[in-house]
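Reading through the structure tokens given below for one structure.
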Amino acid sequence: MASNTLTITDNRTGTQYEVPVTDDTIRAIDLRKIKVQDDDFGMMTYDPAFMNTAACRSQITFIDGDKGILRYRGYPIDQLAEHASFLEVAHLLNEGELPNQQQLDVWKEDIRYHTYVHTNISKFLAGFRYDAHPMGMLLGTVGAMSTFYPDAKDVHDPANRYVQRVRLMAKLPTLAAFCFRHSRGLPFEFPRNDLDYVANFVNMTFSIGGKHEPNPVLQRALEILLILHADHEQNCSTSAVRAVGSSGVDPYSAVSAGIAALYGPLHGGANEAVLRMLDEIGTKANIPAFIEKVKQGEGRLMGFGHRVYKSYDPRAKLIKETADKVFEQTGLNPKLEIALELERIALEDDYFVSRKLYPNVDFYSGLIYKAMGYPTDYFTVLFAIGRLPGWLAQWEEMITDKEQKIARPRQVYTGHAERAYVPMKNR
Ligand code: CMC
């Protein structure tokens, strides 16, 4: 009978070790018994960028990168994008199940109740320069929220954690909209609690003089994009939320770390980078030269490639369908033509095919946001609003996981051995 263990022979000593295998995984700590001398520290694994290390057990999101599968709590992403609202999905991620009508009503009402932010927040937003990047403003203001809710420090009380999760869900769109208005020099538009979550956000960004004519197709498209971004298991920003949250800090500080991670061009900032790249390319005629540059290693094709998906990103497929509906309303964007041609060439080119580089979630999302009227540097803020339920669900799971401790990786030290201090005159 096969046993669920792994036998390791250390050829340095000839010693054999047996370590248990659970879920196709061994515990790195089990390797510590592998030593040459008794007083050795013991063996570690070396895994820069966590390419092959599971840092938690999670019940939230399942991805099969080779098959292009993404499921939240077991539900396929395409079914959720077709049928669910963003708040239903947020409930699913955070509470573990799709809500029944009564649970959904309570969840919506709890969030609606907390949409306003302290008026002092508008004062310190006013301190940002007119051209401050909205992600910089957002991560600063979300971090600052912890000073308004010192009760959030009690991260071991489940009821208190629920209140803070609800507050963050309720207030992030308000803060995000305030950042948008600040960039445009427009007065803040306050939350309207007669509107639903997405409509309220859209109203706070676009309303002029208290008036905004909603376009239901565009609002549903935005909602679908938020659903598609809602969680993606242990990506860079979620890992940041978990690692920072593992110190026991309040969730506003942990989420602001997630926003900082998302800001980067290799992560959420890629949607912004795609639009800048399409601008740089300019016309279809310039595409072959651009592709050649990428293949020579001068820059990357932004919106292509993924650490986990090595086939078409299932979200990209759904986003492309959404893009068609949006462009029917708004008219075609000339950049879309460049994007489509870029995709066509890249999917045939051996450089991209052999590296399994396919369009990811960010390739078309920026074009949709642009068509909706959001400026390029605002795209990642929209991603952050979408990703928040995932960050919160993962934070909750981390806090309640008895196996988790403060995140603290090891290192392989490669610096100098001990050496004596050198006086200034001898250097
Ligand atoms: N364009 C050109 N070449 C690429 C690209 C790209 N977009 N992505 C990867 N490669 C090449 C890379 O140069 C390397 O080639 P070689 O083996 O010859 O050195 C090979 O493909 C493997 O790349 P890698 O850097 O080891 O792959 P990774 O898993 O570390 O990177 C990634 C994943 C998403 C950071 C990367 O594909 C990338 O930089 N893409 C562009 C940025 C982007 O669109 N990011 C959004 C990701 S999806 C949303 C999100 O997570 O926020």
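In listed order, ligands and their atoms are each counted from 1.
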With a heavy-atom distance limit of 4.0 Å, tell me whether [X] approaches ligand 1 through its side chain, its backbone, both, or neither.
{"X": "Asn235", "value": "neither"}
{"X": "Leu266", "value": "both"}
{"X": "Leu357", "value": "side chain"}
{"X": "Arg300", "value": "both"}
{"X": "Tyr351", "value": "side chain"}
{"X": "His306", "value": "both"}
{"X": "Asn360", "value": "side chain"}

What I want to check is whether the side chains of [X] and [Y] have a donor and an acceptor closer together than 3.5 Å.
{"X": "Thr322", "Y": "Tyr364", "result": "no"}
{"X": "Gln296", "Y": "Glu292", "result": "yes"}
{"X": "Tyr309", "Y": "His232", "result": "yes"}
{"X": "Thr115", "Y": "Asn200", "result": "no"}
{"X": "Asp110", "Y": "Tyr162", "result": "yes"}
{"X": "Gln164", "Y": "Asp250", "result": "no"}

Considering only protein heavy atoms, which is closest to [atom], and at what distance to one decimal place?
{"atom": "atom 42 (C) of ligand 1", "answer": "Met302 CE, 3.4 Å"}
{"atom": "atom 51 (O) of ligand 1", "answer": "His267 ND1, 3.3 Å"}
{"atom": "atom 34 (C) of ligand 1", "answer": "Gly305 O, 3.7 Å"}
{"atom": "atom 15 (O) of ligand 1", "answer": "Arg355 NE, 3.2 Å"}
{"atom": "atom 30 (O) of ligand 1", "answer": "Arg307 NH2, 2.9 Å"}
{"atom": "atom 49 (C) of ligand 1", "answer": "Asp362 OD2, 3.2 Å"}
{"atom": "atom 2 (C) of ligand 1", "answer": "Val294 CG1, 3.5 Å"}

Of all the atoms in ligand 1, which lie at a distance below 4.0 Å from a heavy atom belonging to [X]?
{"X": "Gly268", "result": "52 (O)"}
{"X": "Gly303", "result": "43 (C), 44 (O)"}
{"X": "Phe383", "result": "52 (O)"}
{"X": "Val361", "result": "49 (C)"}
{"X": "Ala270", "result": "43 (C), 44 (O), 45 (N), 46 (C)"}
{"X": "Leu301", "result": "1 (N), 2 (C), 6 (C), 7 (N)"}

Quiz item: Only one of Phe383, Trp391, Tyr72 clears ring pair (Phe, Tyr, Trp, His ring centres under 6.0 Å) with His229; which?
Solution: Phe383

Practice problem: Might you confirm whether atom CZ of Arg276 has over 12 heavy atoms from other residues, nucleotides or ligands at distances under 6.0 Å? | Solution: yes

Practice problem: Start with the C-alpha distance between Phe180 and Phe206, add both sets of side-chain angles, then the distance that settles ring-ring contact (aromatic ring centres under 6.0 Å, His included), and finish with yes or no. | Solution: CA-CA 9 Å; Phe180 179 86; Phe206 290 126; 5.6 Å; yes

For [atom], is some protein heavy-atom partner under 4.0 Å away?
{"atom": "atom 22 (C) of ligand 1", "answer": "no"}
{"atom": "atom 7 (N) of ligand 1", "answer": "yes"}
{"atom": "atom 40 (N) of ligand 1", "answer": "yes"}
{"atom": "atom 19 (O) of ligand 1", "answer": "no"}

Quiz prompt | Arg161 and Asp154: CA distance, side-chain angles, deciding distance, salt bridge (Lys or Arg N to Asp or Glu O under 4.0 Å) verdict | solution = CA-CA 8 Å; Arg161 286 200 304 274; Asp154 185 5; over 6 Å; no

Self-check item: side-chain hydrogen bond (donor to acceptor under 3.5 Å, both in side chains) partner of Asn235, chosen from His306, Arg307, Arg387
Solution: Arg387

Quiz item: Taking 4.0 angstrom as the limit, do Arg167 and Asp151 come out as a salt bridge?
Solution: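 Salt bridge present between Arg167 and Asp151.
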
Quiz prompt | N-O pairing of Lys33 and Glu18 below 4.0 Å | solution =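 Glu18 and Lys33: not salt-bridged.
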
Quiz item: Is the side chain of Ser239 donor-acceptor paired with the backbone N or O of Gln234 at a distance under 3.5 Å, no angle test?
Solution: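 Judged by distance alone, yes, a pair lies under 3.5 Å.
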
Quiz item: Is Phe304 close to ligand 1, meaning an N/O of one under 3.5 Å from an N/O of the other?
Solution: yes

Exercise. State, with a plain yes or no, whether a side-chain heavy atom of Pro134 is found less than 4.5 Å away from one of Leu138.
Key: no

